[in-house]
Amino acid sequence: NPKYNPTSAEITFTNHIIQIPADTDQDALCRILLKDKTGMKKVWPMDELQEEIMATFEPGKWRKIYNAAREINQKVAVKTSIIDFLLITTKSVTLNPKYLK
């Protein structure tokens with residue numbers, strides 16, 4: 001299972017450490033998606049992620065979360081060659097279930 005260390009802003013996955021920029025949308029997204037087994041199994045709607053990440057919900061601002069998720073996928077792919085770590089649509093983000101034990 002992937003793990004996220006919010007203190008060091010690092011994803012540990014397939015014996016690799018993937019650095020995430022601290023205090024960014026990517027960091028906030030990892031804190032939500034990789035917090036625990038329940039969060040890892042959940043398909044997170046964009047509006048719910050936005051409410052979790054931002055103090056005020058702004059409809060139509062899903063692209064920030066979408067872009068953060070794509071950037072996380074790119075960082076994971078560089079270290080591990082896995083290109084589908086997160087499953088991303090314009091409506092939701094989830095950890096790919098095939099990477100959960």
Side-chain angles (χ1 to χ4, degrees):
N1 281 343
K3 295 193 181 350
Y4 187 66
N5 182 334
T7 307
S8 61
E10 294 173 334
I11 298 171
T12 304
F13 179 57
T14 66
N15 297 322
H16 293 87
I17 294 175
I18 299 116
Q19 189 66 49
I20 300 296
D23 301 319
T24 62
D25 291 336
Q26 294 173 52
D27 176 44
L29 195 54
C30 286
R31 288 172 187 259
I32 296 166
L33 297 173
L34 304 175
K35 181 178 180 180
D36 55 30
K37 290 247 192 236
T38 305
M40 288 185 207
K41 291 179 181 178
K42 181 175 178 173
V43 175
W44 290 87
M46 286 292 183
D47 58 349
E48 193 173 334
L49 284 170
Q50 191 172 352
E51 287 175 18
E52 291 279 335
I53 291 172
M54 300 167 200
T56 57
F57 177 64
E58 301 175 56
K61 298 290 185 179
W62 60 269
R63 185 160 297 281
K64 283 182 72 174
I65 296 165
Y66 180 88
N67 289 340
R70 288 188 63 224
E71 290 164 3
I72 292 166
N73 266 358
Q74 289 170 350
K75 286 176 175 53
V76 170
V78 166
K79 290 280 190 166
T80 67
S81 300
I82 292 170
I83 60 170
D84 61 350
F85 179 69
L86 297 178
L87 301 178
I88 310 160
T89 71
T90 58
K91 304 275 186 226
S92 67
V93 179
T94 190
L95 179 64
N96 192 327
K98 72 181 179 183
Y99 301 123
L100 291 174
K101 293 179 183 172

Please check if Phe85 and Ile17 belong to a single hydrophobic cluster, counting links between Ile, Leu, Val, Met, Phe, Trp and Tyr side chain heavy atoms closer than 4.5 Å.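 Not linked; separate clusters.
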In one Ile/Leu/Val/Met/Phe/Trp/Tyr side-chain cluster, 4.5 Å: Leu34, Ile32: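 The answer is yes; both residues are in one hydrophobic cluster.
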Using a strict cut-off of less than 4.0 Å between a Lys/Arg side-chain nitrogen and an Asp/Glu carboxylate oxygen, indicate whether Lys35 and Glu52 qualify as a salt bridge. no
Starting from the C-alpha separation in whole Å, work towards a yes-or-no answer on side chain to side chain contact (heavy atoms under 4.5 Å, CB included) for Ile65 and Trp44. CA-CA 11 Å; Ile65 296 165; Trp44 290 87; over 6 Å; no
State the [atom1]-[atom2] distance between [X] and [Y], to the nearest 0.5 angstrom.
X     : Y      : atom1 : atom2 : result
Arg70 : Asn73  : CZ    : CG    : 9.0 Å
Asn1  : Leu100 : CG    : CG    : 5.5 Å
Arg31 : Asn5   : CZ    : CG    : 9.0 Å
Gln74 : Asn67  : CD    : CG    : 9.5 Å

How far apart are the closest heavy atoms of [X] and [Y], and which atoms are they?
X     : Y      : value
Ile20 : Cys30  : CG1-SG, 4.2 Å
Ala9  : Asp27  : CB-OD1, 4.3 Å
Ile72 : Gln26  : CD1-O, 3.6 Å
Met40 : Leu95  : O-CB, 3.5 Å
Lys37 : Lys101 : NZ-O, 4.3 Å
Thr14 : Thr80  : OG1-CG2, 3.4 Å

Count the heavy atoms belonging to other residues, nucleotides or ligands that lie under 6.0 Å from NZ of Lys64, then report whether that count exceeds 12. no
Residue Asp36 excluded, over 12 heavy atoms near CG under 6.0 Å: yes
Do Gln50 side-chain atoms and Pro45 backbone N/O form a donor-acceptor pair below 3.5 Å?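 Checked: no pair found.
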Stepwise, does the side chain to side chain contact (heavy atoms under 4.5 Å, CB included) test hold for Tyr99 with Asp84? CA-CA 10 Å; Tyr99 301 123; Asp84 61 350; 2.4 Å; yes
Going by the side-chain contact (heavy atoms from CB on, under 4.5 Å) test, name the single residue among Thr89, Leu86, Val43, Ile88 that passes it with Thr94.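 Among the candidates, only Val43 passes.
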Using the rule given for side chain to side chain contact (heavy atoms under 4.5 Å, CB included), can you reason through His16 versus Phe13, listing the C-alpha separation, both sets of side-chain angles and the distance that settles it, and then say yes or no? CA-CA 5 Å; His16 293 87; Phe13 179 57; 5.8 Å; no
Does the side chain of Lys79 come within less than 4.5 Å of Ile11's, by heavy atoms? no
